[in-house]
Amino acid sequence: MEIALVEKNQYRFRIEQREPMRVPGVVFASRALLPQAAGDKALEQVANVATLPGIVRASFAMPDVHWGYGFPIGGVAATDISHGGVISPGGVGFDISCGVRLLAAGIDREALGRDRMRRLMDILDSTIPRGMGRGGLWKLSGAGEMDDLLVGGARYAVERGHGVPRDLARCEDYGVLDGAAPGQVSRRAVERGLHQVGSLGSGNHFLEVQAVDQVYDPATAAAFGLRVGQVCVMIHCGSRGLGHQVCTDHVRVMDQELHRYRIQVPDRQLACTPVDSPRGRAYLGAMAAAANYGRANRQLLSEATRHAFATAADVGLELVYDISHNTAKLETHEVDGVARSLCVHRKGATRALPPGDPGLPEDLVRAGQPVLVPGTMGTASYVMVGLPGNDAFHSACHGAGRVWSRHHALRMVRGERLRGELEARGIAVRPSSWRGLAEETPEAYKDVDTVAAVTEGAGLARLIVRLVPLGVVKG
DNA sequence: ATGTTC
C-alpha cells in the first residue's frame, strides 16, 4: 500500500485514508524519528491495521514505532465490539502482557556505594533466572496450580507469599486481568509455562538497577515515591513460552477461519476474528490467562530482587507501578460523542491514564498513571504520567524502539567488547549470552531521550523522572 | 518475543 504522509504539526503525522483503509493513520513522531529507513515497513503496517473491521478513530503509531508481526510494535488500534469489531493476536504480540515494573529502593546511590553495589549485582547475577528456554524461580505443582495462577495473576503470587498486598495496588488492574479462561490455553502452552514462572527470558528483557538522575515534576515524583539520587529497579519481561504458545495456537486457527467471517486483510499476519464471536472470546480468555502469567512472572522476579537487596544492603523495595505494553483490553471510550465499548489493542504501547481516572488506585488518582518507558542497555529510562486529551485511547510509547535488525547488530558489534565499554562507563553488566548482549547494543535502538521528549511534545504523556543505569542483569 | 525451524 502506498503511504501518503501529511505533517499535521511538529509531532503528529497523518496517513490519509484511502481504500481499503477504514480510518486514517496517525503517527506521533518528529521528522527525525519517522521510520523511513530502507526496508522498514512500519508505516505500511499502520495503514494495513486501518483496514481492520470495526476500527474506530484511527490506526495510531507511537514515537517508538517499528516493524512487527502484522501490527507494528508501537501500534494502537481500537475496534467497536458492537459493530463487527475484531480482535487480532498480532495486535497484542507474541509476548502477551510483556511489560515493565519499577521498584524504588529505600536508599540513594551514594549511600549504596561501590562495594555493596558489586555484592548486589553478584547476588542478582546468581539468582535471577534468564536466557532462552531457562527455568524459573517457582516450579508449579501441575496443571491445577497453573489454572489458579492463570486466573489469579500477581494476586495469586501474593496470596502464595510472593510479595505483599500493597504491591497489588500498584499493578495495572490490581495484578489480575479479568476474564481469564485457562481452558483456552493449550496443554502445550501450559507445559511450556510450568517451569518458567519467575524468569526474565531473553531478547530485550532485562532487570536493571538504576538511579533517579533528574526530576522534572517533584510533586508527581513524590506521589510515585521517587526522589533524586534514589536507587530503583526496573524489570522488563513477559509471559515466556506460555504466552508465545497461546499466540501461535490462536493465530493459526484465526488464519484458517478468516473466510468464515468474510474478513479480508492485506496481510495474513493480521489474522483476526470478531471480538463478539466464540473464537474471539476464546482468544480473549486465553490472552487474559497469559497476561496473568506475565504479571505473576514479574511479581516473582520482584520477590527475588527484594531478597538480593535485603542481603546486600538491608533495604526494602516499594513497587512504583507495573504496566503491560502488549495487551488487548475491553474499554469504554467516547467516539464521535458516543460512549462505545471498544477492544483496544496496544502492542508495544502502554496505557497512560490521566489524573482523575477511576481506573487508578486511590493514592495515584490525583497524580495520574505512571507510564514506564524503559530505554535500552546503557541508556536512560523514564517515568512519565498520563495526560488528559490523549486521543490515542490514553496510550503512550513503551521504550526506545528498534532501528537495527538483530542480524545487523550481530554483524556490527561484539558482546565482549560492548560489555567492556559499558563497564568502563561504570555500568555493571551481567549477560546471559554474548550474542544476546550484542543484539541489544544501544546503537540498535532509537534515542530514548528523543522518544520521551517527542512523546511529551505530542501530548501523550508528561515527563516526571529520568533514570540512569547502574547495573544490568541481561536476559 | 520464542524449547531462536511443528
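Letters A, B, ... are given to chains in the order of the sequence lines, protein chains preceding strands, and every chain is numbered from 1.
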Whole-Å distance, A/Tyr293 OH to B/dA1 P, equals 17 Å

Over all strands shown, is A/Gly203 touching base, sugar-phosphate only, or nothing at heavy-atom distances under 4.0 angstrom?
sugar-phosphate

Sequence neighbours excluded, the answer for salt bridge (Lys or Arg N to Asp or Glu O under 4.0 Å) partners of A/Arg188 is none

From CD of A/Gln269 across to C1' of B/dA1 the rounded distance in Å is 14 Å

Rounded to whole Å, CD1 of A/Ile73 lies from P of B/dT2 at a distance of 13 Å

Here the distance between atom P of B/dT5 and atom CZ of A/Phe94, to the nearest Å, is 12 Å

Taken to the nearest whole Å, NE2/A/His325 to P/B/dA1 is 9 Å

After noting the C-alpha distance and the side-chain angles of A/Glu421 and A/Arg417, does the key distance pass the salt bridge (charged side-chain N to carboxylate O under 4.0 Å, His left out) rule?
CA-CA 6 Å; A/Glu421 290 169 358; A/Arg417 183 188 168 116; 3.1 Å; yes

Using a cut-off of 4.0 Å on non-hydrogen atoms, how would the nucleic acid contact of A/Glu439 be classed: base, sugar-phosphate, or nothing? nothing

A/Met132 atom CE is separated from B/dT5 atom P, nearest whole Å, by 9 Å

Can you tell me if the side-chain N/O atoms of A/Asn326 get under 4.0 Å from OP1 or OP2 in B/dA1? no

A/Asp95 atom CG is separated from B/dA1 atom C1', nearest whole Å, by 5 Å

Whole-Å distance, A/Ile96 CD1 to B/dT2 P, equals 12 Å

Ordered by number, residues from residues 241-253 of chain A within less than 4.0 Å of DNA chain B (heavy atoms) are A/Gly241, A/His244

Tell me which donor-acceptor pairs under 3.5 Å the side chains of residues 465-475 of chain A have, and how far apart each pair is, sequence neighbours excluded?
{"from": "A/Arg466", "atom 1": "NE", "to": "A/Tyr382", "atom 2": "OH", "distance (Å)": "3.1"}
{"from": "A/Arg466", "atom 1": "NE", "to": "A/Asp449", "atom 2": "OD1", "distance (Å)": "3.3"}
{"from": "A/Arg466", "atom 1": "NH1", "to": "A/Asp213", "atom 2": "OD2", "distance (Å)": "2.8"}
{"from": "A/Arg466", "atom 1": "NH2", "to": "A/Asp449", "atom 2": "OD1", "distance (Å)": "3.3"}
{"from": "A/Lys474", "atom 1": "NZ", "to": "A/Gly203", "atom 2": "O", "distance (Å)": "2.8"}
{"from": "A/Lys474", "atom 1": "NZ", "to": "A/His205", "atom 2": "O", "distance (Å)": "2.9"}

- prompt: When the ring planes of A/His333 and A/His394 are compared, do they come out parallel, tilted or perpendicular, using 30° and 60° as the limits?
  reply: tilted

So the salt bridge (charged side-chain N to carboxylate O under 4.0 Å, His left out) pairs with at least one residue in residues 55-76 of chain A (sequence neighbours excluded) are none

Comparing nearest nucleotides in DNA chain B, the 5'-proximal residue of the pair A/Ser202, A/Arg188 is A/Ser202

message = If you compare every side-chain N and O of A/Arg240 against the phosphate oxygens of B/dT2 (OP1, OP2), does one of them come in below 4.0 Å?
response = yes

The complete set of salt bridge (charged side-chain N to carboxylate O under 4.0 Å, His left out) pairs with one or both residues in residues 261-270 of chain A, sequence neighbours excluded, reads A/Asp255-A/Arg268

side-chain hydrogen bond (donor to acceptor under 3.5 Å, both in side chains) filter on A/Asp447, not counting sequence neighbours, yields A/Thr450

